[in-house]
Amino acid sequence: MHIEVAQRLQHTEEYYFSKKLREIDEMNKRGAKVINLGIGSPDLPPHPDVIRVLTEEAGKDNTHGYQSYRGAPVLRDAMSEWYARYYAVAVNPQTEILPLIGSKEGIVHICMTYLQDGDEVLIPNPGYPAYSSAVRVSGATGISYELCAENNWYPDFAELEKRDLSKVKMMWINYPHMPTGTAATMALFEQIIAFGRKHNILIYHDNPYSFILNDKPLSILSIPGALEVAIELNSLSKSSNMAGWRIGMLVANESRINEILRFKSNMDSGMFLPMQLAAATALRLDSSWYTELNTVYTQRRAKVFKIMDLLQCDYDPEQVGLFVWAKIPDNYTDSYELCDKVLYEANVFITPGGIFGSGGNNYIRISLCAKEEVFDQAIARIKGI
Ligand SMILES: Cc1ncc(COP(=O)(O)O)c(C=O)c1O
């Protein structure tokens, strides 16, 4: 029996990683022992206090019921304190924060809440593929805005101003930018907010990487008046080593939180309370947590730079975030060719920049989520090709 998928899914393909991981599984069954440097899933555990709170709370009788759609007050308080402490942004924990099951679900909720046929959305190229998929599923049309190394991977506002923006309802931005590792600046955020205000475009800032190899975590909401124009998504996946836990947050003004809840409260029923309490513990850790994490990532990054040197790829040594992004040499047609060569000849999986959009075609991305020994092994294998 064949049942046609809905129209909204007809242009939505299986995620590149999901396909590639199946191929890698097949290679491993044949004994390849592929080293996976593709995915930004932290390999290190959360802080022991986080695990302790989870297990203690899970052992109690009264923590297993449905939870509030708005999240446990203790978690919203911890999120608000975290925003005040690290970003100097005051957000009301009762009305301006919504805990999420990972920030990826927030991307879909936002699109389903505000978009429909006929709406246009500005999406970064290169950028995180989930933005364009979520926009497509909502029925709206994604319109690329190009980022390039010559413009430091910032939006080209002069070019955007020349376009007809009358149907553009929303713009996705993400700094530190994935995949290019470009850090945010306050001046950039000011420009983006001014652009959104001028053209009546809602700005969605996706901010999961601000603590990784970045001395100054910034929030777009620190620009005065930004809550009127912008919504920010944040996440514990990368900075607290909790990717599999699925804990993120959305920060917005009260009416937008209520609007997004109209969709989200019909989709899920709040997170397991022990996880919320453990997440609150993670957010309240001493700042040395981030310093120690970044010491590890700095050492790993030095190894990844070595891999990039071996592959004759060019990179900015100042980049931030959980990956290294580098330009491939001219003798390859595109990044897929180089990545397939490394996969099939060295049994090392690295990510072709092309999966983030055409702007990434000549770049590759390597994740820092592997132990130093694994990078050493990858270096040895790549030297051999
Ligand atoms: C730019 C960007 N946004 C969002 C996410 C999703 O994060 P989460 O685990 O919070 O859903 C990722 C994960 O890779 C990402 O790279």
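Note that ligands are numbered from 1 as they come in the structure, with each ligand's atoms numbered from 1 the same way.
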Inset, instruction - Using a strict cut-off of less than 4.0 Å between a Lys/Arg side-chain nitrogen and an Asp/Glu carboxylate oxygen, indicate whether R85 and E81 qualify as a salt bridge. - result: no
Inset, instruction - May I ask you to check whether Y154 and Y175 place their ring centres under 6.0 Å from each other? - result: yes
Legend entry - Whether S80 side chain and V91 backbone form a donor-acceptor pair below 3.5 Å: yes
Inset, instruction - Would you please indicate yes or no on a ring centroid separation below 6.0 angstrom for W289 and Y86? - result: no
Inset, instruction - Answer yes or no: is there an ion pair linking D119 with K167, defined by an N-O contact shorter than 4.0 Å? - result: no
Inset, instruction - Select all protein residues for which some heavy-atom-to-ligand 1 distance is less than 4.0 Å, and list them by chain and number. - result: G102, S103, K104, Y128, Y131, N174, M178, D206, P208, Y209, S235, S237, K238, R246
Legend entry - side chain to side chain donor-acceptor pair (under 3.5 Å) involving K383 - partner list, sequence neighbours excluded: none
